[in-house]
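All remarks here apply to the structure that follows.
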Amino acid sequence: MQKFQTFTGVVCPLDRSNVDTDAIIPKQFLKSIKRTGFGPNLFDEWRYLDHGEPGMDNNQRPVNPDFVLNDPRYAGARILLTRENFGCGSSREHAPWALLDYGLRAVISTEIADIFRSNSLKNGFLPIVVDEQSHAWLMDNPGCELTIDVDASAVLFPDGTRVSYPIDEFARYCLLEGIDQLGFLQKHEADIRRFEEQRPWKP
C-alpha cells in the first residue's frame, strides 16, 4: 500500500445518493483478485453508453458525455465528492480497488456505508465524512482543490478552514505507514515470535 499522509487534489462531484458497490464496479468485473486493472471499468454503466464486459477495449467504447468522470474539467481529480450513503450494497473490496486504480485517493460524503468504509481503509482508500455545511459548500464549488492531512485527520479548504473528520486510530496509523493489517502483523513478527517462545503454556 502507498503511504497516505498529506496531499492536495481536485474534487470531482458525483451528485448522487445511495451509490452502491455494483455501480462502483459492476459484478461482471469481479473475477480478478489482482487489485489492479479495475480503473477503466469504474462506474462502468454510467461512464459508457454500451454494456461492458471483461476484455473489452474501453478505448473503443462510446463514452457518456454527461457523466462527470468524462468531463475534462475533472481530469486527474483525486477526490470524489458524493451525497449520502455512498458504498452501500454488497461487500466487495473491488470497489476501493477500482477507485484507487482510477487515480482517486479519497471520497467525501455526509454518510458512507460501514462495510465500504472498512474495506476502503484496509486498502488505502480514505472515506471522509463531513458535516452538512461543509458538504454543501463543496457541492457549490465543484472542481476546487482540497488538502487532506491524514496525520491531523482534517481537510483544509481553499479559504484556510480546517474541517476534522472521524477515523479509527488504528486505520489512520496503517494509512500513514502504508501497510494493511497483515503488514502490521509482519512488522511485529519478532515480538510475536518472542511471545510464543516465552509463554508458559504450549498448544
Side-chain angles (χ1 to χ4, degrees), residues 4 9-32 35 37-54 58 61-71 73-75 77-144 146 148 153 155 157 163-168 171 175:
F4 198 140
V10 171
V11 177
C12 175
L14 179 60
D15 193 4
R16 301 185 187 219
S17 303
N18 304 310
V19 175
D20 63 33
T21 52
D22 194 52
I24 297 172
I25 183 71
K27 59 184 180 301
Q28 65 266 30
F29 301 106
L30 305 186
K31 297 178 181 179
S32 173
R35 300 193 180 196
F38 297 102
N41 299 111
L42 175 69
F43 300 120
D44 193 89
E45 294 180 2
W46 297 340
R47 284 171 70 187
Y48 303 99
L49 296 175
D50 60 353
H51 176 73
E53 290 291 343
N58 291 312
R61 298 174 62 194
V63 299
N64 178 3
D66 296 325
F67 185 60
V68 67
L69 289 189
N70 295 328
D71 189 327
R73 291 178 297 172
Y74 306 115
R78 303 183 70 195
I79 304 168
L80 186 68
L81 175 68
T82 72
R83 295 202 180 274
E84 69 276 2
N85 202 27
F86 184 79
C88 57
S90 62
S91 171
R92 58 184 68 172
E93 287 189 278
H94 296 73
W97 294 351
L99 290 158
L100 284 166
D101 195 62
Y102 180 82
L104 295 162
R105 297 299 310 279
V107 60
I108 297 178
S109 179
T110 54
E111 179 188 3
I112 295 175
D114 289 340
I115 295 177
F116 173 81
R117 178 201 300 271
S118 177
N119 285 335
S120 294
L121 290 171
K122 291 175 182 177
N123 286 281
F125 185 75
L126 181 59
I128 296 175
V129 172
V130 296
D131 60 89
E132 294 280 357
Q133 182 177 355
S134 299
H135 185 268
W137 188 92
L138 291 171
M139 280 293 179
D140 289 339
N141 293 272
C144 68
L146 296 179
I148 296 177
S153 302
V155 179
F157 281 59
V163 176
S164 298
Y165 60 85
I167 184 172
D168 174 80
L175 287 173

Does a side-chain heavy-atom distance below 4.5 Å link [X] with [Y]?
{"X": "Y74", "Y": "P142", "value": "yes"}
{"X": "I79", "Y": "L104", "value": "no"}
{"X": "I108", "Y": "L146", "value": "yes"}
{"X": "N123", "Y": "R35", "value": "yes"}
{"X": "C144", "Y": "F157", "value": "no"}
{"X": "F43", "Y": "L14", "value": "yes"}
{"X": "P65", "Y": "N70", "value": "no"}

Q: Tell me, with the steps shown, if I167 and L175 meet side-chain contact (heavy atoms from CB on, under 4.5 Å).
A: CA-CA 11 Å; I167 184 172; L175 287 173; 3.8 Å; yes
Q.
Among L81, T82, V163, V129, exactly one meets side chain to side chain contact (heavy atoms under 4.5 Å, CB included) together with H135. Which residue is that?
A.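 Only one option passes, and that is L81.
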**Q.** For I25, the option from L99, D44, L30, L42 that meets side chain to side chain contact (heavy atoms under 4.5 Å, CB included)
**A.**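 Checked L99, D44, L30, L42 against I25; only one passes side chain to side chain contact (heavy atoms under 4.5 Å, CB included): L30.
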Q) When the ring planes of W46 and F67 are compared, do they come out parallel, tilted or perpendicular, using 30° and 60° as the limits? A)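 Taking F67 first and then W46, their aromatic rings sit tilted (interplane angle of 30° to 60°).
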Q. With ring centroids as reference points, do F29 and H94 lie under 6.0 angstrom apart?
A.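 For F29 and H94, the ring centres are not under 6.0 Å apart.
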Considering all heavy atoms of both residues, which atom of [X] and which atom of [Y] are nearest to each other, and what is their separation?
{"X": "V68", "Y": "P13", "value": "CG2-O, 3.2 Å"}
{"X": "P127", "Y": "I112", "value": "CB-CD1, 3.5 Å"}
{"X": "P40", "Y": "G37", "value": "CD-O, 3.6 Å"}
{"X": "P96", "Y": "F116", "value": "CD-CE1, 4.1 Å"}

Q: Write out all pairs satisfying side-chain hydrogen bond (donor to acceptor under 3.5 Å, both in side chains) with one or both partners inside residues 12-27, taking only residues at least two apart or from two chains.
A: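 Every pair satisfying side-chain hydrogen bond (donor to acceptor under 3.5 Å, both in side chains) with a residue in residues 12-27: D15-R83, S17-E84, N18-N85, T21-S90, D22-R92.
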**Q.** Pairs meeting criterion side-chain hydrogen bond (donor to acceptor under 3.5 Å, both in side chains) with involvement of residues 100-121, two or more places apart
**A.**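 Applying side-chain hydrogen bond (donor to acceptor under 3.5 Å, both in side chains) to every pair that reaches into residues 100-121, excluding sequence neighbours, yields S91-N119.
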Q) Quick one: CD1 on I148 to CZ on R78, what's the gap to the nearest 0.5 Å? A)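 If we round to the nearest 0.5 Å, I148:CD1 and R78:CZ are 9.0 Å apart.
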(Q) Can you list everything that forms a salt bridge (Lys or Arg N to Asp or Glu O under 4.0 Å) with D168? Sequence neighbours excluded, please. (A)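 By the salt bridge (Lys or Arg N to Asp or Glu O under 4.0 Å) rule, D168 matches no residue at all.
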Q) Are any side-chain N or O atoms of Q28 and backbone N or O atoms of G52, one a donor and one an acceptor, separated by less than 3.5 Å? A)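 Between the backbone of G52 and the side chain of Q28 there is a qualifying donor-acceptor contact (under 3.5 Å).
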